[in-house]
Amino acid sequence: MPSAPLRQRLLPAVLILAATFAVPAAAAPPGAEIADGFESGRIDPQVWAPCPRAENRFFIEETVVRSGRYAAGMALLPDETMPPAIPKAELARRRSGCLDTAPGAVFNPEDDQRAELWLQSVQPAGTDSWFGFSFRIDSPDAGAGGNRLVVGQWKQSGSQSPFLAQRFKGGAFHLTLEQATASPGRQCRVLVAWQDGYDFSDFPAGTRSFLHGGADELDVELPPAPAAECARGLAIDRTAPLPSPFGAWVDMVVHLRVAGRADDMIEVWANGRPVVTMRGPVGSPAARDQYFKFGPYRDPSPAPLVVRFDDFSRGGSFAGVDPRRFDP
């Protein structure tokens, strides 16, 4: 959870902005400990740490917004139609793969591409927490072919894959979770929710899970491999398909309590509709803390990609983080 000084700095600022611009999106409602609708007209470095790389750009969006006056934007392979980049901020970094943590790094078109914002505040493993945000993707070619794309990750300390990830393949939105296994250096990836029309070819028929080698290297093929230890102890109740965020805002709410134990729980809503509930061990029991990052991370591609992000909250209730609270 954020420190008391951080909460004291965030809330007065957003309340003043709400009064100035007469938009509710900046105010943190009851149940939200962090609320950022980007109504300050910037990406606040006390809330977010951008991951600068040669192939990306972070900007403030004034035209395509979910609510209020501004949204955050992030682009891969940006062109002259994109708004100007936000000013660089000098921050204490804790990230990997970014120019400010790897000085002198040179972009290689054959490497993965990313434009991620890391939430500065981390939480201990097992924290019961709610996340809400709106996002959209405005790149018609971004989902072409079989290229893997991730836009939004919940991760644990260490180098393992995100324990919950928003993924896209062939343009279809789907969610996966990870489980620790008894096999050294191997994790189990489980498909838990998907958009209508999703291609299940990555997952063995009847199992929708496979073992892989731990770190989520996007340029390494993860071949399906049925294993009895995959989806161990999981109960998954899928109640609705995921909507497409291509060219349209999608409002996400995620409730999670994850510590690699039998009583772990994840619930997901999209546009106010329950999508899936998962119970059982998720992630690694050895992890100490958890963090959230948002933005595109993909296999190498020549296609420009733009993601917009608005109305982020982290808090203690559905009502406190649901982006629909800003609707008239």
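This one's a predicted model, so the numbers in the text were calculated from it and none came from an experiment. Sequence positions, counted from 1, serve as the residue numbers for this chain.
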Point to revise | Residue pair Q156 / V258: nearest heavy atoms and the distance that separates them | key: NE2-CG1, 4.1 Å

Point to revise | Where S67 and D311 come nearest, the two heavy atoms and their spacing | key: OG-OD2, 2.7 Å

Review point. Minimum heavy-atom separation for P323 to S134, with atom names?
Key: CB-OG, 3.3 Å

Review point. In Å, rounded to the nearest 0.5 Å, how long is the span from CZ of R208 to CZ of F200?
Key: 4.5 Å

Point to revise | Gap separating the CG atom of D128 from the CG atom of L256, nearest 0.5 angstrom | key: 8.0 Å

Check your understanding: At what distance, to the nearest 0.5 angstrom, does CG of L305 lie from CD of E55?
Key -> 11.5 Å

Point to revise | Candidate pair W269 and H255, rule side chain to side chain contact (heavy atoms under 4.5 Å, CB included), full reasoning | key: CA-CA 9 Å; W269 291 259; H255 177 209; 4.1 Å; yes

Check your understanding: Do M74 and F294 have side chains that get closer than 4.5 Å, going by heavy atoms?
Key -> yes

Review point. Could D199 and K169 be called an ion pair, given the rule that one side-chain N must be under 4.0 Å from one carboxylate O?
Key: no

Check your understanding: So, do W48 and F312 have ring centers that fall under 6.0 Å from each other?
Key -> yes

Review point. Honestly curious: do W249 and L149 fall in one hydrophobic cluster under the side-chain, below-4.5 Å linking rule?
Key: no

**Study point:** Side chain to side chain, S313 and R325, heavy atoms closer than 4.5 Å
**Key:** yes

Check your understanding: Passes side chain to side chain contact (heavy atoms under 4.5 Å, CB included), E267 versus F318? Steps please.
Key -> CA-CA 11 Å; E267 300 175 288; F318 182 97; over 6 Å; no

**Study point:** Side chain proximity check, V122 to R288, heavy atoms < 4.5 angstrom
**Key:** no

Review point. Quick one: hydrophobic cluster around F59, which other residues, with the 4.5 Å side-chain cut-off, linked directly or via members?
Key: M82, V306

Check your understanding: If every non-hydrogen atom of P162 is compared with every non-hydrogen atom of Q153, which pair is closest and at what distance?
Key -> CG-OE1, 3.4 Å

Review point. Checking side chain to side chain contact (heavy atoms under 4.5 Å, CB included) for the pair F133/R66: CA distance, chi angles, key distance, verdict?
Key: CA-CA 10 Å; F133 56 87; R66 166 61 175 86; over 6 Å; no

**Study point:** pair E116-N56: side-chain heavy atoms closer than 4.5 Å
**Key:** no

Exercise for review: Could you state whether M265 and F163 fall into the same hydrophobic cluster, counting links through intermediate Ile, Leu, Val, Met, Phe, Trp or Tyr residues with side-chain heavy atoms under 4.5 angstrom apart?
Suggested key: no

Practice item. Spell out, as yes or no, whether a donor-acceptor pair under 3.5 Å connects the side chain of Q195 to the backbone of P241. Key: no

Check your understanding: Under a 4.5 Å cut-off applied to non-hydrogen side-chain atoms, are L242 and Y198 in contact?
Key -> no

Revision key, fill the gap. What one should report as the nearest heavy-atom pair of V268 and M278 is CG2-CE, 4.2 Å

**Study point:** Shortest non-hydrogen contact between D264 and A259, atoms and distance
**Key:** OD1-N, 2.9 Å

Exercise for review: Test I43 against I60 for side chain to side chain contact (heavy atoms under 4.5 Å, CB included), laying out the working first.
Suggested key: CA-CA 7 Å; I43 297 173; I60 286 295; 3.9 Å; yes

